[in-house]
Novice: 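Would you mind keeping the following structure in view while I ask a few things?
Not measured: the values here are computed from a predicted model.
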Amino acid sequence: MSGNAMKSDSQQAIRDLEERENASIPDAEVSPAAADAESPTGNGKGVGCFGGGGWWRCLVPAKANESDEAASRDDENHVKATLRELVIYCCFLVLMTVVAFGTKNISMYNFTQSISGLFLKVPISNGTKLFAEINSIQEWWSFVNGPLLDGLFSSSGNLSAANATARSTIYYETVLLGVAQIRQVRVGNRTCKVAKPFRGVIGWCHGPYSADNAHRGAFQGRGGGSGMAWVYQNEANLDGSGSYSGAVATYEGGGYRALLQPTRAASEQTLRNLFDSLWLDRSTRAVFIDFTVYNPNVNLFCVARLVAELPATGGVVPSWEFRSLKLLRYVEPFDYFVAACECGLLLMCIYYTVLEVLEIRRQRMAYLKVLSNYLDVALLIVCYVCAGFNIYRIAAVSNKLHQLLVDSLDCPNFYSLSYWQTCFNHAVAIAVFLAWIKVFKYVRFSRTLTMLSATLGSCAKDLVAFCIIFFIIFFAFALLGTLVFGTQVDDFQNFQQAVFTLFRIILGDVNFYKIQQANRLIGPVYFLLYVFFVFFILLNMFLAIINEKFGEVKADNEVGGGHARIDVARFLRRRADRLMDKLAVRRQKVLDIQRAVLQCGDEATVNFEGWRNQLRQRGFADAEIEALFAKYDADGDQVLSAAERMQMRRDLEGEKMKLDREITGAAPAPDQVETSFEVGSDAACSVLDEDAGAPGLRSGFRGEPASRDELAFLTRRVDRLEGRVGGALSSIDRVLMTLERLERLRLERRTSLYRMLKLVRAPLSGSPEVSRLNLMEQLQQELRQWDSPAAGVGKPEQQ
């Protein structure tokens, strides 16, 4: 029983030894098949951008333990696949750019300026003030009765009777869709609290506008005004007017609406009735003027909104919006081309979506650890959202135009649609921006282009620490400026404005005199301290961090060969050398054939046997010789006549000159094109000898001096051969080193096993239990010696 136990223990010890031995084998000794299966670019997952995952594999760096020849082979596959995927992505980028600019029109800016200038740059009738300078409600009424009506009906008075139906036109080119509307929002009385000392004197209080303070009931003006202008209508009844964020508050889409009339006279009467009935009073907090115009010449809509906010402090705060949009997308032939590009872009998005899904299935949670994956997902989401809105816009515009045709006396509310169209344009712009930023993913295989990303990556931690310090000081100055100058300087009227002002100071846009005028003591001190700490200290620290890390990355790039494993320039250079080699070989063949023709002498005819002997000496195969001879032997008599021989010479000369142009890129000289000489003459031989680069070479045999082209071709071939032989020798050295390590391990294992066997065969002394414990202790000691790094290579002892 004890013998079986000792045997089992010894076998277990031997198995432990074998496991430790297998674990000690270096990673370089793993079989190439296993290495390929584990490698991101190995055969187990496919090579390149299209094998087992897609374009992201092009950016996965090689493992450090893979062999040089495998790395060299994978490098070329990486470059091919990356360039192929880069071409596909460039197509995606071109499609997205065409679609983005397809929503634009070169006339949009001019159209916006012409419409806005008609209402914003025309002075009010009772003075020289513009709409942007309105300060009271009386001036607003003057603007409505003056520049507003003049702009809306600027061409109606000069139209003939035949064109009376087109009465609401602007500049004779732009049509007013429906009529304009005026909408106000109000607050109720006692929406604020009057201070206790004034409660007996002041019995009214109209607070600032908010959703809670908004008044939504009917009201009456002076003289008991009636009609829809005095009844509150919600946003749904107003066909989605949309909320508006003004300078004072954010206003809802509902309110009290008054419609102007199709003619100027009727509109003036409507405005007069509203003014006489005090339609605007101290409860009014904002007045909106909405209208939409369309110019068929350039197929553009302009949605206009003129806003006058009446804050609780009194006065008027004017603002405006003019949105020139291309809502009818598919009208001209170029628009249908853009539609085709949109379809192609959608297919490309589906293609990249499939790749992303496959990558998520392969990486699972590791997919979330890569920052660039979020960029890919965001880009695809934006593209799909834009595609969905494109469909919605077509249906919405069609519905709006149908309503306009049914009731031309209503105001078609395009404001909400224009808002979403503007959001769509912004989303497309963001998608184009992300798509162009994503190009950096495909240029990381270049050592030069990776220095930027490597610099930013290496200084990320330092930049985070710097940003914490910077924003602490920056926000402290922003708070100080808001509290000190907020009541007197418009650039510091609130915290948000103060932050932008301080950023402008960094860029040199500063109004020091306003700060000094607000406070002659604190203003200059504030400005000097901010410039000293932020500009002279913090910004220079930022530049020092970037400069230091860039120097380190550049040094690593020069010493360690860069951060990019793939050198595209070298790959393209190698391909160009191969192409030039092929052209040089073809040119040399043409020269050999010409020399063979000249070797035939001044004979009028050339027979097939002499021709074949000459070309065989120059290394041509029989099939090539027969094919070339048959091409010019028109009568098939195995003899080239003088005319056939001359035709061959001309074709060969033309082919040689064509190859020369492809190699050098230079056009042939006129004298070379027109050169003609007799076959077998000295002039012909000298010309061929000059082309071959060996003056006096007449015989054409291989024992003669080589030409410059031959020498350059052979030099490149020898260089490539030396490189391949060097790689093979390096591989052989690594194999020999691996075999030597395996032999050393085998000897050590043999020695250890021999010692263990000797311990098992030794006679037992004492009780079996004690002997077994002694044996186990000795086996464990052998195992510890085996694990010791100082263990030498043992030699087998003689029994």
Novice: Rounded to the nearest 0.5 Å, what separation is found between the CD atom of E133 and the CG atom of L120?
Specialist: 11.5 Å
Novice: Roughly how far, to the nearest 0.5 Å, is CD1 of I350 from CG of L380?
Specialist: 10.5 Å
Novice: To the nearest 0.5 Å, how far apart are CH2 in W420 and CZ in F389?
Specialist: 8.5 Å
Novice: Give a yes or no on whether the backbone of A435 and the side-chain of Y89 come within a donor-acceptor separation of less than 3.5 Å.
Specialist: yes
Novice: Check L95 against G344 and note the closest heavy-atom contact, atom names and distance.
Specialist: CD1-C, 3.8 Å
Novice: Between F500 and F503, does the ring pair (Phe, Tyr, Trp, His ring centres under 6.0 Å) criterion hold? Intermediate values first, please.
Specialist: CA-CA 5 Å; F500 286 111; F503 275 116; 7.4 Å; no
Novice: If you compare all heavy atoms of Y251 against all heavy atoms of V248, which two are closest, and at what distance to 0.1 Å?
Specialist: OH-CB, 3.9 Å
Novice: Which heavy atom in C302 sits nearest to a heavy atom in F111, and how many Å separate them?
Specialist: CB-CE2, 3.4 Å
Novice: Kindly give the heavy-atom pair with the smallest separation between N373 and Y367, and that separation in Å.
Specialist: ND2-O, 2.9 Å
Novice: Please report the shortest heavy-atom distance between A100 and V428, naming the atom on each side.
Specialist: CB-CG1, 3.4 Å
Novice: Check whether any side-chain heavy atom of F492 sits under 4.5 Å from a side-chain heavy atom of L480, and report yes or no.
Specialist: no
Novice: Is the closest basic N to carboxylate O distance between E356 and R361 below 4.0 Å?
Specialist: no
Novice: Could you walk me through whether W320 and V307 pass side-chain contact (heavy atoms from CB on, under 4.5 Å), step by step?
Specialist: CA-CA 6 Å; W320 57 87; V307 183; over 6 Å; no
Novice: Indicate whether any N or O donor in one side chain lies under 3.5 Å from an N or O acceptor in the other, for T353 and Y384.
Specialist: yes
Novice: Does atom CD of E552 have more than 12 heavy-atom neighbours from other groups under 6.0 Å away?
Specialist: yes
Novice: When you compare the side chain of K121 with that of Q113, does any pair of heavy atoms fall below 4.5 Å?
Specialist: yes
Novice: On the six-membered ring of Y352, is K438 placed so that its NZ or CZ lies under 6.0 angstrom from the centre and within 45° of the ring axis?
Specialist: yes
Novice: Strictly distance-based, threshold 3.5 Å: is any side-chain N or O of Y530 a donor or acceptor partner for the main-chain N or O of L502?
Specialist: yes
Novice: Which value, rounded to the nearest 0.5 Å, describes the distance between D335 atom CG and E342 atom CD?
Specialist: 9.5 Å
Novice: For a 4.5 angstrom cut-off between non-hydrogen side-chain atoms, does T455 reach K554?
Specialist: no
Novice: Can you check whether L379 reaches M96 side chain to side chain, under 4.5 Å on heavy atoms?
Specialist: yes
Novice: Given side chains that start at C-beta, do those of C386 and V382 come closer than 4.5 Å, heavy atoms only?
Specialist: yes
Novice: Could you give the distance from CD1 (I506) to CG (L539), rounded to the nearest 0.5 Å?
Specialist: 5.5 Å
Novice: Report yes or no: does D462 contribute a side-chain atom to a donor-acceptor pair with the main-chain N or O of I545 at less than 3.5 Å?
Specialist: no
Novice: Run the salt bridge (Lys or Arg N to Asp or Glu O under 4.0 Å) test against K514 and tell me which residues pass, sequence neighbours left out.
Specialist: D490
Novice: Assess whether atom CZ of F512 is packed by more than 12 heavy atoms of other residues, nucleotides or ligands within 6.0 Å.
Specialist: yes
Novice: Heavy atoms, side chains only, cut-off 4.5 Å: are Y419 and V303 in contact?
Specialist: no
Novice: Could you check whether any side-chain N or O of Q421 sits under 3.5 Å from a backbone N or O of L327, counting only pairs where one atom can act as donor and the other as acceptor?
Specialist: no
Novice: For residues V510 and R504, determine if any side-chain heavy atom of one lies less than 4.5 Å from a side-chain heavy atom of the other.
Specialist: no
Novice: Verify side-chain contact (heavy atoms from CB on, under 4.5 Å) between L538 and F474, making sure each step is shown before the conclusion.
Specialist: CA-CA 10 Å; L538 293 180; F474 187 82; over 6 Å; no
Novice: Honestly, is R305 close enough over Y415, meaning NZ or CZ under 6.0 Å from the six-membered ring centre and within 45° of the axis?
Specialist: yes
Novice: With no hydrogens and no angle check, is any side-chain donor or acceptor of Q516 less than 3.5 Å from a backbone partner on P524?
Specialist: no
Novice: Quick one: does any side-chain atom of T501 pair with a main-chain N or O of D491 as donor and acceptor, under 3.5 Å?
Specialist: yes
Novice: With distance as the sole test, does N540 use its side chain to make a donor-acceptor pair with the main-chain N or O of F536 at under 3.5 Å?
Specialist: yes
Novice: Testing the basics here: between S324 and M108, what is the closest heavy-atom pair and its distance to 0.1 Å?
Specialist: OG-O, 3.8 Å
Novice: Please check if the number of heavy atoms outside I106 that lie under 6.0 Å from its CD1 is greater than 12.
Specialist: no
Novice: Fit a plane to each ring of F485 and Y526, take the angle between them on a 0 to 90° scale, and name the class: parallel (under 30°), tilted (30 to 60°) or perpendicular (over 60°).
Specialist: perpendicular
Novice: Above 12 or not: heavy atoms from other molecules or residues under 6.0 Å from CZ of F475?
Specialist: yes
Novice: Measure the SG-CG distance between C383 and L434 for me, rounded to the nearest 0.5 Å.
Specialist: 9.0 Å
Novice: Please determine whether side-chain contact (heavy atoms from CB on, under 4.5 Å) holds for the pair L358 and V354, giving the CA-CA distance in whole Å, both sets of side-chain angles, and the decisive distance to 0.1 Å.
Specialist: CA-CA 6 Å; L358 294 177; V354 173; 4.3 Å; yes
Novice: Would you please test F542 and F470 for ring pair (Phe, Tyr, Trp, His ring centres under 6.0 Å) and show each step?
Specialist: CA-CA 10 Å; F542 174 77; F470 176 82; 8.6 Å; no
Novice: Just checking, any donor-acceptor pair under 3.5 angstrom between side chains of Y244 and E321?
Specialist: no
Novice: Evaluate side-chain contact (heavy atoms from CB on, under 4.5 Å) for I381 paired with V377, printing each intermediate quantity in order.
Specialist: CA-CA 6 Å; I381 291 176; V377 174; 3.7 Å; yes
Novice: Kindly indicate whether the side chain of V525, heavy atoms from C-beta on, has any atom under 4.5 Å from the side chain of L529.
Specialist: yes
